[in-house]
Amino acid sequence: MANETNSTLARKLRRELQGDVLFDAFSRGRYSTDASIYQIQPLGVTVPKSEQDVQIALQIAVDEGVPVLPRGGGTSQTGQAIGEALVMDTTKYLNQVLEFDAENRTVVVQPGMVLEQLNRFLKPHGLFYPVDVSTANRATLGGMAGNNSCGSRSIRYGNMVHNVRAIDALLADGSEAQFNSVPFQQLNDQTPTYTELVRKMRELGAREAAEIDQSFPKVLRRVGGYNIDELTKATPNMSHLLVGSEGTLAFFQRIHLNLQPIPPNKVLGVCHFPSFYEAMDSTQHIVKLNPSAVELVGRTMIDLARDIPLFAATVDRFVQGEPQALLLVEFAGEDHAEQLQGLRQLVELMGSLGFPGGVVEATDTEFQSAIWEVRKSGLNIMMSMKGDGKPVSFIEDCAVDLKDLAEYTRRLTDIFHKYGTTGTFYAHASVGCLHVRPILNMKEESGAKKMRAIVEETLEIVCEYKGSHSGEHGDGLARSEFHEPMFGRRMVESFEEVKDNFDPGGTFNPGKIVRPSRMDDRDLFKFAPDYAIEPLATTLDWSDWGGFSGAVEMCNNNGACRKADVAVMCPSYRATGDEQHLTRGRANTLRLAISGQLGPQ
């Protein structure tokens with residue numbers, strides 16, 4: 001029956017759409033993964049060529065009873081971008097700037113617009129979009145809005161939700177509406193569906209205001225669940241309810257963004273620490289100097305980067321001796337003298353904390369850019385570990401108050417040791433949100449069992465510190481299950497109420513945020529229980545990679561090959577815009593083929 005439905009769906013889509021319709025096993029396999037540990041084959045893939053294509057595809061899917069999954073760059077780390085649904089890839093065609101107002105510092109973009117491409121457009125006007133995720137050269141604004149992305153400089157500019165003005169969205173019933181902050185009494189020009197949604201959401205906010213205030217963590221980095229705290233405001237911005245919704249409520253057609261002036265002057269101090277604990281304990285003091293960023297680079301990342309020729313010379317230049325941790329502290333603004341003063345104060349503070357001479361100063365732009373490039377490549381550097389044991393993403397962006405950060409990371413390390421492993425730590429020290437990844441072998445059942453035990457014990461600590469279990473990368477398959485222990489049953493029911501009012505038929509990206517599967521269901525893993533590759537005879541020697549299959553599996557799906565900058569990768573993708581021509585697409589196709597997932601031939 002499923003094959004019959006797929007056949008009918010594909011036939012209707014090909015007849016009605018101008019864009020690409022991909023239902024072959026190879027294409028569906030390439031869209032079955034993102035940068036998470038999960039793999040779910042979609043029913044099919046469309047690459048809509050226009051907003052009208054999106055409307056038509058959505059209507060056909062609804063008529064056929066098929067779920068719809070909006071997708072950007074496919075770099076999600078918790079499984080938001082995969083599912084048994086009709087995937088709509090916005091990156092090839094729906095990637096334009098639609099409106100721009102330099103004077104009022106606003107822009108309107110399509111969901112497939114890549115952040116770095118937008119900033120390249122804005123730079124001649126002295127403006128930029130300040131949510132600067134490390135994947136900026138392939139992350140789409142639609143995906144960033146869907147995840148409520150944050151970036152390295154959220155301590156100054158906030159999260160995605162703080163920088164979105166409005167979203168023009170398509171609802172499951174086919175109606176369109178602009179979600180914004182128009183007062184309820186001024187909704188006469190909107191559709192009845194939208195007006196009714198606003199009324200119900202305002203009622204929910206008024207009814208649950210006390211529970212929301214009590215249940216939501218008081219930290220900047222809280223992206224778990226739906227942003228129903230917005231509904232408690234006198235004039236809520238309804239687009240902020242869509243931000244972080246992971247494609248579960250509506251399809252974003254146009255995203256209205258607030259922009260910021262580019263800081264003309266920046267300086268960077270690289271703070272060296274003899275122990276990881278001391279680095280974490282010092283962060284709470286460093287942020288008082290009003291930096292624009294404070295980013296952690298841990299010992300593991302330093303060592304791995306030194307082994308990568310692309311980064312070795314830069315690392316040798318900004319790392320002195322053998323520190324256990326570094327904090328990259330940036331000062332940015334109009335007055336260069338003021339930024340240099342901030343750097344001097346940082347040197348003095350480090351001395352007073354017991355680390356005299358512990359700051360490498362980077363005042364020229366080229367040196368700073370080289371250092372930041374190492375930091376931005378953190379995930380790919382960490383995932384360069386060879387072998388089946390990899391840093392696994394499932395507790396990688398819990399967030400706690402800075403006063404608790406040192407003890408939180410110490411206790412976390414103790415949990416890792418309890419289960420016979422270690423972890424990698426890096427990223428957003430400034431806001432108490434570190435990317436923490438235990439090293440586990442997810443090909444083995446023991447890996448899943450350790451993952452379950454580690455996440456449960458970790459979240460107990462996060463609850464104790466009144467922190468957030470989901471601080472940047474969203475909920476997806478990895479974290480949605482834990483909303484109840486983190487927020488309480490009543491809050492989960494409020495999330496379900498939001499979902500059911502927006503999407504009563506469950507069309508958009510089911511199983512994310514509400515009514516999720518178990519995060520350790522191995523049948524949903526990329527390396528499922530029946531995953532196996534027969535040994536292959538090769539002419540070249542792949543032993544350094546654990547054999548040919550080990551080399552193929554090195555692709556972490558983070559999508560760096562999608563980058564649109566001046567580097568060489570990936571020319572065929574740049575010409576076509578097709579996932580099949582990406583290095584990632586080829587690696588996934590090869591992995592699926594040699595593991596027998598594309599059929600015996």
Side-chain angles (χ1 to χ4, degrees), residues 1-2 5-6 9 13 23 28 31-34 36-46 54 57-72 74 76-90 111 142-143 145-148 169-175 193 197 223-228 241-252 470 473-484 487 491-526:
M1 186 67 180
T5 299
N6 287 2
L9 179 64
L13 290 168
F23 272 69
R28 288 186 293 121
Y31 282 88
S32 67
T33 52
D34 53 12
S36 71
I37 60 174
Y38 301 102
Q39 177 177 306
I40 303 175
Q41 185 139 137
L43 300 175
V45 179
T46 64
V54 173
L58 175 60
Q59 186 59 59
I60 292 173
V62 170
D63 291 345
E64 293 296 318
V66 170
V68 170
L69 200 168
R71 177 167 163 136
S76 301
Q77 295 183 37
T78 63
Q80 302 96 308
I82 59 173
E84 192 175 356
L86 176 65
V87 170
M88 291 196 196
D89 182 349
T90 63
N147 275 2
N148 194 5
L170 188 65
L171 296 170
D173 67 356
S175 63
T193 300
L197 266 179
V223 306
Y226 295 121
N227 292 323
I228 58 175
L241 186 60
L242 293 183
V243 172
S245 63
E246 301 183 8
T248 64
L249 302 181
F251 193 104
F252 301 172
S470 185
H473 295 152
D475 300 334
L477 297 167
R479 281 191 277 274
S480 296
E481 175 190 349
F482 299 105
H483 290 336
E484 186 162 345
F487 293 119
M491 194 59 53
V492 169
E493 290 174 353
S494 292
F495 295 158
E496 291 173 350
E497 185 176 339
V498 171
K499 170 68 173 176
D500 293 343
N501 275 290
F502 270 81
D503 183 24
T507 296
F508 287 117
N509 204 6
K512 317 301 184 340
I513 300 184
V514 300
R515 305 181 184 99
S517 56
R518 284 177 61 89
M519 58 88 72
D520 57 343
D521 182 349
R522 293 188 70 210
D523 289 333
L524 302 180
F525 285 6
K526 181 165 66 174

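What you see is a predicted model; the values in this text were computed from it and never measured.
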Q) What's the spacing between Glu496 CD and Glu493 CD if we round to 0.5 Å? A) 6.5 Å
Q | OG-CG distance between Ser175 and Leu197, expressed to the nearest 0.5 angstrom | A | 8.0 Å
Q) Say you draw a straight line from NZ of Lys512 to OG1 of Thr78; how long is it, rounded to the nearest 0.5 Å? A) 9.0 Å
Q: Side-chain contact test, heavy atoms from C-beta onward, threshold under 4.5 Å: evaluate it for Leu249 versus Tyr226 and give yes or no.
A: yes
Q: Search all heavy atoms of Ala57 against all heavy atoms of Met88 and return the closest pair with its distance.
A: CB-CE, 3.4 Å
Q.
Counting C-beta onward and ignoring hydrogens, is there a side-chain heavy-atom pair between Ser36 and Leu477 closer than 4.5 Å?
A. no
**Q.** Member of Asp475, Thr248, Asp34, Asn147 meeting the side-chain hydrogen bond (donor to acceptor under 3.5 Å, both in side chains) criterion with Gln80
**A.** Asn147
Q: Search all heavy atoms of Ala85 against all heavy atoms of Pro42 and return the closest pair with its distance.
A: O-CB, 3.4 Å
**Q.** Minimum-distance pair of heavy atoms, taken over all atoms of Gly247 and Pro70
**A.** O-CD, 3.9 Å
**Q.** Heavy-atom pair of closest approach, residues Glu246 and Asn509
**A.** O-ND2, 2.8 Å
Q. Any sub-3.5 Å donor-acceptor pair from Thr33's side-chain atoms to Tyr38's backbone N or O?
A. no
Q. Quick check: does any side chain N or O of Arg479 sit under 3.5 Å from a backbone N or O of Gly474, one acting as donor and the other as acceptor?
A. yes
Q.
Under the criterion ring-ring contact (aromatic ring centres under 6.0 Å, His included), I'd like the reasoning laid out for Phe508 against Phe502: C-alpha separation, chi angles, the key distance, then a yes or no.
A. CA-CA 10 Å; Phe508 287 117; Phe502 270 81; 9.7 Å; no
Q.
I'd like to know if the side chain of Asp89 reaches the main chain of Val45, judged simply by a donor and an acceptor atom lying under 3.5 Å from each other, with no hydrogens or angles considered.
A. no
Q. Taking C-beta and beyond as the side chain, do Thr507 and Leu58 meet within less than 4.5 Å on heavy atoms?
A. yes
Q) At what distance, to the nearest 0.5 angstrom, does OG1 of Thr193 lie from CG of Asn501? A) 11.5 Å
Q. What distance separates Ile60 CD1 from Thr46 OG1, expressed to the nearest 0.5 Å?
A. 9.5 Å
Q | Heavy-atom side-chain proximity of Ile82 to Arg71 below 4.5 angstrom | A | yes
Q. Does any N or O in the side chain of Arg28 come within less than 3.5 Å of the main-chain N or O of Phe23, such that one atom is a donor and the other an acceptor?
A. yes
**Q.** For the student: nearest non-hydrogen atoms of Ala172 and Val62, plus distance
**A.** O-CG2, 3.7 Å
Q | Gap between atom CD of Gln59 and atom CD of Glu64 - 0.5 Å precision | A | 11.0 Å
Q. Between Ala250 and Leu242, which heavy-atom pair has the shortest distance, and what is it?
A. CB-CD2, 4.4 Å
